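Within every chain, numbering begins at 1; the chains are lettered A, B, ... in the order of the sequence lines, protein sequences first and strands thereafter. The basis for the numbers below is simple: all heavy atoms, side chains too, and nothing from hydrogens, waters or symmetry mates. Nothing here was measured: the structure is a model prediction, and the numbers come from that model.
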There are 2 protein chains.
Amino acid sequence: MIRGDGGRAIRAVLDRICDKWTMLVVATLDEGRLRFTELHRSIPGISQRMLTLTLRHLERDGLVSRTVYAEVPPRVEYALTTMGKSLIQPALTLASWAIEHNGQIQASRETYDDPAT
Amino acid sequence: MIRGDGGRAIRAVLDRICDKWTMLVVATLDEGRLRFTELHRSIPGISQRMLTLTLRHLERDGLVSRTVYAEVPPRVEYALTTMGKSLIQPALTLASWAIEHNGQIQASRETYDDPAT
DNA sequence: CAGTATCCGGTAGGATACTG
DNA sequence: CAGTATCCTACCGGATACTG
């Protein structure tokens, strides 16, 4: 199935979720709707710029909803849409694989990098 | 789980499979062991350079095995390792999600990009 | 608070040419 | 056949400063 369309299907997802922050933002929002600053605090290391960009992309793709409240000071809340939530399970499947095989991969790298072998 | 370690687990996979060609190479090798040129032909658009790099990374991570036959002209065969094969299922889960939601995402983008709205 | 604007360095990856 | 070696560019993403 992956190669069925010349890789376009799988690439469609990968292009969407494989940047540095998207999965992390989605995973964070899985715990509930959050404001911009709360997200910023919840994701260590992300810059304002990248958080904004990531959220805009997710909003454009319909994975995240953005709600602006007409208050002073302004309040903006982000939440996963139904489609956004549906991404969590496939992502978890992949995450499980990562956790399960991370040790083996690290070991393989050390062997590969070791000039003595 | 995704955020449990600050996103390191999921990022470990993503960093490994999210470059432009890795998943496609893995998926192609799922159909059987192949030589360099066969892979090159099977994956439209990939350059020799990127195919080599991708294969080296996969080999380093222990996902792909490389067998050199002492012949003239040289023959090199690539195949998925057991761990490499184990990546296929999680990848398929993600691919299914992609195929299932691609239409919805495209629609969302068009709405988002339409200045009339 | 929730962004935008600008600058800037590193790197992914394409094109091309060469080799054991 | 199965790669290296180089060059070159686009763009990802960090740092910083400014704003409704």
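- By the 4.0 Å N-to-carboxylate-O rule, A/E31 lies close enough to B/R3 to be salt-bridged with it.
- Under the Watson-Crick or G-U wobble criterion, with both distances below 3.5 Å, C/dG20 is paired with D/dC1.
- The side chain of B/S47 places an N or O atom within less than 4.0 Å of a non-bridging phosphate oxygen (OP1 or OP2) of C/dG14.
- Distance A/E71 CD to C/dA2 P: 10 Å, rounded to the nearest Å.
- Of the residues listed (B/I17, B/L58, B/D61), the one engaging B/L87 in a side chain to side chain contact (heavy atoms under 4.5 Å, CB included) is B/I17, and it is the only one.
- In a base pair of the Watson-Crick type (N1 to N3 plus N6-O4 or O6-N4) or a G-U wobble (N1-O2 and O6-N3), with each distance short of 3.5 Å, C/dT11 is matched with D/dA10.
- In this structure, A/R75 reaches the sugar-phosphate backbone alone: every heavy-atom distance under 4.0 Å involves primed, P, OP1 or OP2 atoms, never a base.
- Of all nucleotides listed (C/dA2, D/dC1, D/dG14), D/dG14 comes nearest to the side chain of A/M50.
- When the nearest nucleotides of DNA chain C are assigned to A/R56 and B/K20 by heavy-atom distance, the more 5′-ward of the two goes with A/R56.
- At whole-Å resolution of the value, CG in B/L53 and P in C/dA12 are 9 Å apart.
- Looking at heavy-atom distances under 4.0 Å, A/T52 makes contact with a base.
- Heavy atoms of A/Y69 sit nowhere under 4.0 angstrom from any nucleic acid atom.
- The side chain of B/R49 places no N or O atom within less than 4.0 Å of a non-bridging phosphate oxygen (OP1 or OP2) of D/dC7.
- A donor-acceptor pair under 3.5 Å is formed between the side chain of B/E38 and the backbone N or O of B/R35.
- Side-chain nitrogen and oxygen atoms of A/T37 include at least one within less than 4.0 Å of the OP1 or OP2 phosphate oxygen of C/dA2.
- In this structure, the nucleotide among D/dG14, D/dG3, D/dC1 sitting nearest to the side chain of B/R35 is D/dC1.
- B/T28 is not listed as a side-chain neighbour of A/I2, based on a closest heavy-atom distance of 4.5 Å or more.
- A/E77 has its CD atom 12 Å from the P atom of C/dG3, to the nearest Å.
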